[in-house]
Amino acid sequence: MAAITEDAIRELAAFKGEEAPVTTCYLDVDGRRFVRHQDYEHQLDLMMRVAREKANGSESVARDLRRIDEFVRGGIDRSSTRGVAIFACSAHDLWEVVSLPVPVRNRIVVNSVPAVGQLESFVQDYDRFGVLLADKQRARLFVFELGELTDRSEVLDELPRDYDARGHKDQGAAREKHHVEELTSVHLRAAAKAAFELHQAAPFQHFTIGAPDAIAHELESYLHPYLKDRLCGRLGVAVGASLDDIRHAALDLEAEVDRRGEAAAVDRLRDAMGGGQRAVAGLEKVLRALHDHRVVELLVSSGYAQAGWHCRGCGALATVGRTCPVCNAEDMDHLDDVVEEAVEVALVQGTRVRICVGNADLDVLGRTGALLRY
Ligand SMILES: [Zn+2]
């Protein structure tokens with residue numbers, strides 16, 4: 001499975017199914033919620049049933065759906081994958097599978113172009129992590145983003161050495177010990193400095209270190225204030241750990257940072273609600289705010305789905321039909337999942353969408369809420 005890049009998304013977005021429509025499938029395979037493979041396969045079955053009805057006899061789409069089904073049933077390595085996006089158009093030989101380190105909203109879309117909205121929002125919102133591993137002698141520096149870990153340790157070597165290691169052979173054990181401590185400090189300072197250089201070249205949203213307890217505090221104390229502000233926890237891996245181990249530790253830390261971010265967003269929502277302004281909660285109110293283009297940030301509980309209605313006249317979404325609550329037209333289409341539609345509308349509007357995993361506070365508020373522009 002390919003990792004996602006902005007170029008790849010641009011290429012996908014430019015694709016047009018001239019001969020036959022494109023089938024897009026987003027599947028949430030998050031092992032935290034779907035423990036067994038059958039659990040997410042069942043979700044795929046439900047979507048497949050609806051999609052087959054909508055395929056409208058297109059042989060190409062039928063083939064796409066079969067291939068997607070076979071691919072998922074062939075097993076997905078979920079060690080670092082929480083969501084999968086599949087783009088298929090048999091008539092044009094298009095078959096692209098993208099694995100994502102975050103969960104996605106389940107969806108199958110059949111359209112003339114690939115539905116890249118979720119991928120786009122993922123790439124736009126994605127945070128860059130700086131990772132510094134050190135012990136008394138060694139240091140390694142990494143950038144972690146889009147689920148990929150890149151070794152940037154060369155930055156450590158590029159720094160000028162400002163300490164000249166002289167011999168202290170004859171000066172006694174105390175002096176020797178002092179000398180070793182001094183060398184360690186110089187080494188840690190250099191590592192902290194290299195990390196900051198990397199941050200200046202392309203800023204991190206979050207920063208983490210992995211170091212033995214004895215030196216972790218000292219290393220943190222040498223960090224530039226910008227990096228201290230971005231510290232998001234420590235990585236429990238040694239400086240000599242394998243790339244794979246470091247990557248998995250970073251993925252776990254990232255999931256934790258995501259959950260904290262979700263909790264903070266729900267707190268902002270509750271505070272704003274308490275203040276009686278610039279926020280709404282509950283599906284109907286959220287749908288109305290979206291229609292009015294007032295939403296800055298949309299929060300939705302992961303897995304929340306709800307049947308609803310779409311107005312052909314004014315485009316409004318609603319929980320109750322068939323008379324449109326906005327324009328009063330009696331011309332609404334029934335939707336199996338109006339929440340999904342709302343997420344898509346928000347993405348098209350360029351609104352930030354946060355899918356909150358296991359956030360009980362948001363569930364209490366009606367499983368969806370929105371922070372508003374005015
Ligand atoms: Zn309407």
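Start at 1 with the first residue, then count along the sequence. Order of listing sets the numbers, starting from 1, for every ligand and every atom in it. What you are looking at is a predicted structure, and each value in this text was computed from that prediction instead of being measured. Just so it is clear, the values below take in all heavy atoms, side chains as well, and ignore hydrogens, waters and symmetry mates.
Residues passing the ring-ring contact (aromatic ring centres under 6.0 Å, His included) test with F34, sequence neighbours excluded: none. With sequence neighbours left out, the side-chain hydrogen bond (donor to acceptor under 3.5 Å, both in side chains) criterion links H334 to no other residue. The salt bridge (Lys or Arg N to Asp or Glu O under 4.0 Å) test applied to R33 returns D28, D30, not counting sequence neighbours.
Contact annotation: the side chain of I86 approaches that of V84 to within less than 4.5 Å [non-hydrogen atoms, C-beta and beyond].
Around the Zn ion (ligand 1), protein atoms of type N, O or S found under 2.8 Å number 4.
Side-chain polar atoms of E182 and H178 form a donor-acceptor pair below 3.5 angstrom.
Among all heavy-atom pairs drawn from V280 and A289, the shortest one is CG2-CB, 4.2 Å.
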